[in-house]
Amino acid sequence: MVVRRLEDFEELRPEQGSSIGSIDMFQLWRLRIGLWLIICVISASLSQADAESLYGTAADPFEVERVGLTREWIIQLPFDSDRYRLNQIDTAQWMVIAQSEDGIVHAVRSSDGNAPEVNGPLPGTLLWSAPLGLPKAPLHSAGIDRDLVTINRDMNTFGIDSRTGFVFWKRRLPAPPSAGSLPVGDWVYVPLWDKTVYRLPVNPYRRPSDSDGEAGADSQTSSSNKLSLDPVRIKAHGFVEQQPSRFGEGVLWCTDHGRLTAIEPAEEGWERHEFFLHDNPNGPVLVSGTVVFAATEKGELARFEDATRGLRLTWRYLLETSLHPNMPRPQIMLKNETLLVSLGAEGIAAHNAHNGERLWKTSLQGRFLACIGGHLWCYDIMNRITAIRLIDGKQDAWLCPGPFTIPVTNRSSERIILASPRGLLASLRPRVVASEQSSIQPSTSSSNTSNEETFSENPQPSTEKVEKTEGEKPAPRGKDEPFNFFGN
């Protein structure tokens, strides 16, 4: 019988433990190397997928060239796209304003077809990003002017320098805003929930005597000018649910019950003109110069012009369809003398803007994006970007939107602005940029139409080049009398 001591077994244990430990460490290193290889492969595949995500979409340069367009620029906006999304995009001839849900406002330089400014930012350049308010706050349309951008956030209105993004001023509102604000001339107009429109000065720090005073003005006039920079609440006589529009040198808004109100400068003070649609408006009104187009819930399309004693009805046309309140609001877009109207489930119709005559109708349903050349581009219900010929309404070309699923309506220039919820913006322009058309004017002759395009009796597109005046600042007015006619 062999008896082995306990020490013999204890001597063997370290040797067995060391071999097992070395094997475990070797397997652990193999596992770590394998995990690193898997991570590298996944990261490489993700970056390759991001690089190829635009292939075959509306931002693919080859696909865009196929339909006669060119990708002008593309940019990724800087914000936390994993937690928040891009929500509101507004366009102007020289700028695109995008608002994300995290409370940041972004400005991107755009092009209107003219040559870029000398030593100025190129189209597609991110001009600035300004944080305003709290995340997830309700967003309204931005008011864009050459020198100022106005943003409504919570109970405040911000005036931002359009070139630098510096917050020039901040104003506390007496009531929550009901729609986006709009800067016009020396004033900013903000619709409020209490059925009023709040008027603010564009520059609250300027001295009234510097811009409003005149030589030989009496003391009473100068004293009234000193009070002209105070905010004024204008009674709208209804709820204003859409952003006001520029109407000549004044402003125009429409209430939810169909009351059109135009505020225009006069020789002494201001003039207020009103017109009743006799029905609720069905969607935003379209203002071009001093011509107004509006659609009603009963299916009527009307045109109004500025007259001596207020707005004058030019024509009415029955659209042969009426939309229910829960259906998508129709859109109106103007291209030369062709007025395009979306009819919801009925499709899209085109009318002669001069007399209202129906030109054509198509069954395609979609949201308007832009008019480029002889085509209307829209985002249809089949999730395609479709081009419709303005001459007969036939579908002519298609593009796959890809990640650009936010429809952006651009009435300022012949550009298609593409936007994705994760902050990717792109611009498509025609290969040969056509000359920009100025806003239409009333069919009646006037004394100040030397630099403006007017309708002709023959509804054919005009081939004359019109002198551009959009970039010029309006001449300062000599007097600015306080309001005393707003229903107080």
Side-chain angles (χ1 to χ4, degrees), residues 37-91 96-102 106-111 113 121-126 129 364-389 394-410 413-433:
L37 290 176
I38 293 175
I39 292 174
C40 293
V41 171
I42 292 176
S43 60
S45 62
L46 288 177
S47 60
Q48 185 179 4
D50 291 338
E52 296 179 353
S53 61
L54 301 181
Y55 176 76
T57 67
D60 186 351
F62 297 100
E63 289 292 323
V64 172
E65 291 285 344
R66 178 180 56 83
V67 297
L69 302 176
T70 300
R71 193 181 75 181
E72 187 176 20
W73 51 264
I74 185 169
I75 186 174
Q76 173 66 47
L77 299 179
F79 71 97
D80 188 1
S81 60
D82 293 331
R83 299 174 56 190
Y84 303 101
R85 292 292 182 264
L86 199 65
N87 197 325
Q88 180 71 39
I89 299 98
D90 301 284
T91 62
V96 176
I97 298 296
Q99 304 180 54
S100 50
E101 294 178 348
D102 57 352
H106 312 271
V108 180
R109 180 72 168 90
S110 62
S111 175
L122 297 177
T125 303
L126 179 64
S129 296
L364 179 68
Q365 305 176 36
R367 296 191 59 180
F368 297 163
L369 298 181
C371 287
I372 299 180
H375 292 84
L376 166 67
W377 290 86
C378 60
Y379 195 100
D380 61 22
I381 60 174
M382 302 298 294
N383 293 329
R384 300 179 305 176
I385 299 178
T386 306
I388 303 175
R389 294 189 301 188
K394 301 295 183 181
Q395 302 179 29
D396 201 17
W398 298 267
L399 286 173
C400 175
F404 304 99
T405 56
I406 302 179
V408 180
T409 303
N410 182 17
S413 62
E414 292 192 349
R415 301 292 190 276
I416 298 178
I417 303 299
L418 304 175
S420 71
R422 300 183 69 89
L424 193 62
L425 289 181
S427 174
L428 307 181
R429 66 170 177 85
R431 291 180 184 174
V432 180
V433 180

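One-based numbering along the sequence shown.
- V108 has its side chain within reach of W73: a pair of non-hydrogen atoms, C-beta onward, lies under 4.5 Å apart.
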Discussion item. Walk me through whether L364 and C378 qualify under side chain to side chain contact (heavy atoms under 4.5 Å, CB included).
Written reply: CA-CA 10 Å; L364 179 68; C378 60; 3.9 Å; yes
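- Taking the side chain as every heavy atom from C-beta outward, L399 and Y379 never approach each other to under 4.5 Å.
- Between the CZ atom of R422 and the CG atom of D80 there is a distance of 9.0 Å, given to the nearest 0.5 Å.
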Item to complete: Applying side chain to side chain contact (heavy atoms under 4.5 Å, CB included), run through L126 and R109 and close with a yes or a no.
Response: CA-CA 6 Å; L126 179 64; R109 180 72 168 90; over 6 Å; no
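- Considering only heavy atoms from C-beta on, T409 stays 4.5 Å or farther from T91 through its side chain.
- Rounded to the nearest 0.5 Å, atoms CG (L424) and CG (L86) are 10.0 Å apart.
- In plain terms, the two heavy atoms of A59 and R71 that are nearest each other are O-NH1, 2.9 Å.
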Discussion item. Determine whether R85 and S100 satisfy the following criterion, side chain to side chain contact (heavy atoms under 4.5 Å, CB included), listing intermediate values before the conclusion.
Written reply: CA-CA 6 Å; R85 292 292 182 264; S100 50; over 6 Å; no
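- Nearest heavy-atom pair across L428 and I372 is O-CD1, 4.2 Å.
- Looking at every heavy atom in both residues, S413 comes nearest to S111 through OG-O, 3.8 Å.
- Minimum heavy-atom separation, A58 to V64: O-CG2, 2.9 Å.
- Going from atom CD of Q365 over to atom OG1 of T386 covers 12.0 Å, rounded to the nearest 0.5 Å.
- Residue pairs meeting the salt bridge (Lys or Arg N to Asp or Glu O under 4.0 Å) criterion with at least one partner in residues 369-387, sequence neighbours excluded, are D380-R384.
- Rounding to the nearest 0.5 Å places CG of L425 at 8.5 Å from CD1 of I406.
- In this structure the side chain of E72 never reaches within 4.5 angstrom of the side chain of S110, judged on heavy atoms.
- The two atoms that bring P430 and L69 nearest to each other are CA-CD2, 4.0 Å, heavy atoms only.
- With sequence neighbours excluded, no residue forms a side-chain hydrogen bond (donor to acceptor under 3.5 Å, both in side chains) with R367.
- None of N410, V408, V96, L369 except one satisfies the side-chain contact (heavy atoms from CB on, under 4.5 Å) rule with R415; the exception is N410.
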Fill in: Pair E414-R429, side chain to side chain contact (heavy atoms under 4.5 Å, CB included): steps then yes or no
CA-CA 7 Å; E414 292 192 349; R429 66 170 177 85; over 6 Å; no
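- In this structure, C400 and G56 approach most closely via the heavy-atom pair CB-O, 3.6 Å.
- Rounding to the nearest 0.5 Å gives a distance of 11.5 Å between CD of E101 and CZ of R83.
- For the atom pair CG of L77 and NE2 of H106, the computed distance is 5.0 Å after rounding to the nearest 0.5 Å.
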